[in-house]
Protein chains: 2
Amino acid sequence: MKTAKRKKLETAGWSVGDAADVLGLTPEEETYIETKLALAKKLKAVRQSHKLSQAAFAKRIHSSQSRVAKMEAGDPSVTIDLMMRSLFAVGVSPKQIGKVFSTA
Amino acid sequence: MKTAKRKKLETAGWSVGDAADVLGLTPEEETYIETKLALAKKLKAVRQSHKLSQAAFAKRIHSSQSRVAKMEAGDPSVTIDLMMRSLFAVGVSPKQIGKVFSTA
DNA sequence: TACTTTAATGTCAGATCCGACATAAATTTG
DNA sequence: CAAATTTATGTCGGATCTGACATTAAAGTA
């Protein structure tokens with residue numbers, strides 16, 4: 001099943017650059033996952049730079065610890081939408097997010 | 001109601017830069033909407049550059065004409081997620097999308 | 001080591017989103 | 001102008017996402 005495949009891929013410890021070439025994912029799926037992982041990384045970096053636990057960060061963005069963990073893991077159950085809204089909520093600008101994509 | 005307010009704002013012909021200051025939206029809501037409108041604009045530009053009708057474009061991205069119209073209008077019922085996946089589906093790279101954000 | 005804090009994983013009900021359809025409005029074309 | 005094409009708007013069932021909770025695993029501390 002496709003979702004399972006994705007999950008496996010995402011949680012298996014791939015670094016941001018290399019999710020691409022592995023299994024039968026379409027190019028757009030690969031790109032989507034890479035983008036998500038790049039945002040996940042940014043999210044974690046921002047949280048840590050504020051010296052917040054996942055629980056504290058969750059409170060800040062009106063979410064829950066478990067969902068923050070899933071965001072940072074690039075879990076299939078979280079959307080880019082939520083990640084971007086979370087970044088906005090802690091003051092990261094679209095321009096800064098743009099840089100994340102340029103790196104992806 | 002908040003959603004209605006958003007809809008009104010988005011469909012009232014605001015240009016990309018100035019959704020910000022109007023009604024009782026939180027800064028992150030404003031940023032979210034601005035980002036969405038920037039993506040909407042990009043989506044329309046890409047579609048037109050390919051000389052495709054919304055219907056033809058929809059077929060290309062496995063969606064429907066009505067949803068494409070809503071995407072290009074920045075309708076509250078569409079997410080940034082869908083817009084980005086649509087852009088990926090027609091070959092726009094994350095880097096190119098990054099530029100869109102830098103402009104937002 | 002035991003204790004504390006933090007992070008990861010699974011699940012679920014309610015909320016939101018999506019494609020599709022119908023239909024109306026607008027635009028283009030002949 | 002009328003016909004054809006394209007775009008806009010409203011709605012809805014099914015699919016997906018979200019916050020919350022429970023539980024476990026891991027990391028830090030005394």
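What you are looking at is a predicted structure, and each value in this text was computed from that prediction instead of being measured. We name chains A, B, ... by the order of the sequence lines, and we start the count at 1 in each one.
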Query raised in the report: Can you check side-chain contact (heavy atoms from CB on, under 4.5 Å) on B:S86 and B:R60, steps first, answer last?
Result: CA-CA 9 Å; B:S86 300; B:R60 189 104 157 50; over 6 Å; no
Report task. Determine the contact category for A:S64: base if any of its heavy atoms lies under 4.0 Å from a base atom, sugar-phosphate if only primed atoms, P, OP1 or OP2 are that close, otherwise nothing. Result -> base
Requested in this report: Quick one: label A:V68 by what it contacts on the DNA or RNA (base, sugar-phosphate, nothing), any heavy atom closer than 4.0 Å.
Outcome: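 It contacts nothing in the nucleic acid.
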Of the candidate nucleotides [options], which contains the atom at the shortest distance from the side chain of [X]?
X     : options               : answer
B:S66 : C:dC18, C:dA7, D:dT9  : D:dT9
B:K70 : D:dG19, D:dG10, D:dA8 : D:dG10
B:S53 : C:dA7, D:dA8, D:dT6   : D:dT6

Rounding to a whole Å, what distance do you find between [X]:[atom1] and [N]:[atom2]?
X     : N      : atom1 : atom2 : value
A:M83 : D:dT18 : CE    : C1'   : 13 Å
A:D75 : D:dT18 : CG    : C1'   : 12 Å
B:Y32 : C:dT16 : OH    : C1'   : 11 Å
B:L52 : D:dT7  : CG    : C1'   : 14 Å
B:I80 : C:dC18 : CD1   : C1'   : 16 Å
B:H62 : D:dA15 : NE2   : P     : 18 Å
A:L82 : C:dC17 : CG    : P     : 11 Å
A:K59 : C:dA7  : NZ    : P     : 16 Å

Does OP1 or OP2 of [N] have a side-chain N or O of [X] closer than 4.0 Å?
X     : N      : result
A:S63 : D:dG19 : yes
B:Q65 : C:dA20 : no
A:T79 : D:dT18 : yes
A:R47 : C:dA7  : yes
A:R85 : D:dC17 : no

Query - Pairing residues for A:E72 by the salt bridge (charged side-chain N to carboxylate O under 4.0 Å, His left out) criterion, not counting sequence neighbours - result: A:R47
Query raised in the report: End-to-end bend of the helix from C:dT1-D:dA30 to C:dG30-D:dC1 (five-pair axes, 10° rounding)?
Result: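 The value is 50°.
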Would you say that [X] contacts [Y] through its side chain, given a criterion of any heavy-atom pair below 4.5 Å between the two side chains?
X     : Y     : value
B:L43 : B:V68 : no
B:V46 : B:H50 : yes
B:L39 : B:I97 : yes
A:T31 : B:P94 : yes

Query raised in the report: Pick the nucleotide of DNA chain D nearest each of A:I61 and B:Q54; which residue has the one closer to the 5' end?
Result: B:Q54
**Report entry** 5′-ward residue of the pair B:D81/B:Q48 relative to DNA chain D
**Finding:**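 The residue mapped nearer the 5' terminus is B:Q48.
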Query raised in the report: Which atom names give the shortest non-hydrogen contact between A:V78 and A:Y32, and what distance separates them?
Result: O-OH, 4.4 Å
Requested in this report: Taking all non-hydrogen atoms of both residues into account, name the closest pair between A:P76 and A:K36 and its distance.
Outcome: CA-NZ, 3.6 Å
